[in-house]
Student: 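Please read through the structure below; I'll follow up with questions.
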Amino acid sequence: MKPPKGVIIPERKFFLRDTTEVAKDLLGHFLYVEKRDGRIGGRIVETEAYLFRNDPACHAARGLTERNKTMFRQGGIVYVYFIYGVHHCLNIVTGPEGKGTAVLIRAIEPIAGIDVMFRNRPGITTLENLANGPGKLTRALGITRDDDGTDLLTGHIRVFLDPCLKKNKPKIVTSARIGIQQGSDKLLRYYIANHPCVSKR
DNA sequence: GGGAAGATGTTCT
DNA sequence: GAACATCTTCCCT
């Protein structure tokens with residue numbers, strides 16, 4: 001994929017770091033998908049970390065299975081799973097191979113291919129509601145289990161870094177993760193303060 | 001604007 | 001058979 005003008009292309013080591021660091025550092029940067037309809041995507045505004053060690057909410061916590069095996073690959077790989085019989089969720093694997101940790105992308109601010117996203121989300125009328133939640137985001141971007149295992153450094157899904165954030169760091173809010181029972185006491189959800197596209201305050 | 005209900009594939013007990 | 005990293009619709013205030 002041809003990167004947008006002025007962005008920085010991350011190296012593999014960006015994703016091989018500590019999961020909570022990656023989850024925070026992804027905020028404000030760009031996520032793009034390029035398929036039949038051209039390049040669509042936007043700015044990441046909300047993430048959650050899933051840690052494996054001591055984290056029962058993490059899919060990898062119960063060991064390697066057919067469903068979660070992608071989570072045990074090296075950092076920078078996309079892990080997509082199907083939930084509630086209805087929705088897909090997009091994760092970015094972090095750490096070295098075999099670690100079993102990942103960052104859930106919970107929301108983006110749409111920037112490119114907005115018309116395509118509206119087409120993918122019939123009935124939605126506002127920009128804020130287009131991708132402000134993990135299931136909504138995958139629907140808007142057209143991501144399914146077929147995209148599981150895509151490498152963010154070479155594939156049709158990419159992360160690009162915004163150089164402007166080095167000077168203007170976004171204000172990050174930390175909170176408990178959403179929609180889980182076990183491990184809900186851990187503060188592993190991160191989002192950009194006062195951003196309209198965050199799923200929940 | 002908010003709470004309840006329903007949809008429904010895949011994994012695990 | 002239950003649980004699940006969710007979203008939408010419907011009805012109420």
Side-chain angles (χ1 to χ4, degrees), chain A residues 15 18-24 26-27 31 42 44-73 75 77-95 99-110 117-150 152 157 159 172-192 194-201:
Chain A
F15 302 103
D18 181 77
T19 310
T20 56
E21 292 302 310
V22 178
K24 282 185 276 191
L26 281 171
L27 293 176
L31 176 75
I44 299 169
V45 299
E46 181 178 353
T47 60
E48 279 180 7
Y50 284 84
L51 297 181
F52 182 44
R53 268 183 77 80
N54 237 352
D55 185 5
C58 180
H59 284 179
R62 297 194 173 255
L64 193 147
T65 66
E66 184 58 31
R67 177 208 208 186
N68 68 21
K69 62 183 180 187
T70 306
M71 235 180 145
F72 289 92
R73 292 177 64 186
I77 303 281
V78 166
Y79 168 52
V80 182
Y81 65 88
F82 196 52
I83 190 76
Y84 295 119
V86 188
H87 301 290
H88 295 277
C89 289
L90 171 69
N91 298 254
I92 295 176
V93 178
T94 60
K99 193 91 189 291
T101 55
V103 174
L104 170 69
I105 308 299
R106 285 193 57 90
I108 65 168
E109 170 196 347
M117 293 196 224
F118 273 114
R119 212 183 311 146
N120 288 340
R121 305 255 303 122
I124 301 300
T125 54
T126 61
L127 209 59
E128 305 91 72
N129 284 326
L130 213 44
N132 62 334
K136 300 178 180 182
L137 172 156
T138 52
R139 189 74 191 277
L141 295 176
I143 291 173
T144 67
R145 280 231 70 175
D146 291 343
D147 300 301
D148 185 57
T150 301
L152 285 174
I157 303 176
V159 164
I172 297 174
V173 180
T174 303
S175 80
R177 291 174 294 183
I178 291 185
I180 57 171
Q181 305 299 315
Q182 300 186 306
S184 54
D185 55 318
K186 293 181 168 60
L187 299 176
L188 294 173
R189 172 173 176 248
Y190 309 99
Y191 59 90
I192 297 179
N194 302 316
H195 198 288
C197 297
V198 166
S199 68
K200 214 177 166 189
R201 302 265 150 144

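In what follows, every chain begins at residue 1, and chains take the letters A, B, ... in the order their sequences are listed. Keep in mind that the numbers below use all heavy atoms, side chains included, and drop hydrogens, waters and symmetry copies.
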Student: If the plane angle is over 60° it's perpendicular, under 30° parallel, otherwise tilted; pick one for A:H59 and A:Y79.
Tutor: perpendicular

Student: Name the stems that DNA chain B belongs to, where each is three or more consecutive Watson-Crick or G-U pairs with both distances under 3.5 Å?
Tutor: B:1-7 with C:6-12, B:9-12 with C:1-4

Student: List the steps, then state whether side-chain hydrogen bond (donor to acceptor under 3.5 Å, both in side chains) holds for A:N129 with A:T126.
Tutor: CA-CA 6 Å; A:N129 284 326; A:T126 61; 3.0 Å; yes

Student: Roughly, in whole Å, what's the span from CZ in A:R139 to P in B:dA7?
Tutor: 17 Å

Student: Return yes when atom CZ of A:R53 has more than 12 non-hydrogen atoms of other residues, nucleotides or ligands closer than 6.0 Å, and no otherwise.
Tutor: no

Student: How many whole angstroms separate atom CZ of A:R145 from atom P of B:dT10?
Tutor: 9 Å

Student: Does a side-chain heavy-atom distance below 4.5 Å link A:L141 with A:M117?
Tutor: yes

Student: Would you say that A:L64 contacts A:K69 through its side chain, given a criterion of any heavy-atom pair below 4.5 Å between the two side chains?
Tutor: yes

Student: If you define the side chain from C-beta out and look only at heavy atoms, does anything of A:E48 sit under 4.5 Å from A:P134?
Tutor: no

Student: For nucleotides 4-13 of chain C, tabulate all protein N/O to nucleotide N/O atom pairs closer than 3.5 Å, reporting atom names and distance.
Tutor:
residue	atom	partner	partner atom	Å
C:dA5	OP1	A:H59	NE2	3.3
C:dA5	O4'	A:Y50	OH	3.3
C:dA5	N9	A:Y81	OH	3.2
C:dA5	N7	A:A57	O	3.2
C:dA5	N7	A:H59	NE2	3.3
C:dA5	N1	A:N91	OD1	2.3
C:dA5	N3	A:Y81	OH	2.7
C:dT6	OP2	A:G179	O	3.0
C:dT6	O3'	A:G135	N	3.4
C:dT6	O2	A:H87	NE2	2.9
C:dC7	OP1	A:P134	N	3.1
C:dC7	OP1	A:G135	N	2.8
C:dC7	OP1	A:K136	N	3.2
C:dC7	O4'	A:H87	NE2	2.8
C:dT8	OP1	A:R121	NH1	2.6
C:dT8	OP1	A:R121	NH2	2.9

Student: For A:Y50, is the NZ or CZ atom of A:R177 found under 6.0 angstrom from the centre of its six-membered ring and inside 45 degrees of the ring axis?
Tutor: yes

Student: Do A:T47 side-chain atoms and A:A23 backbone N/O form a donor-acceptor pair below 3.5 Å?
Tutor: yes

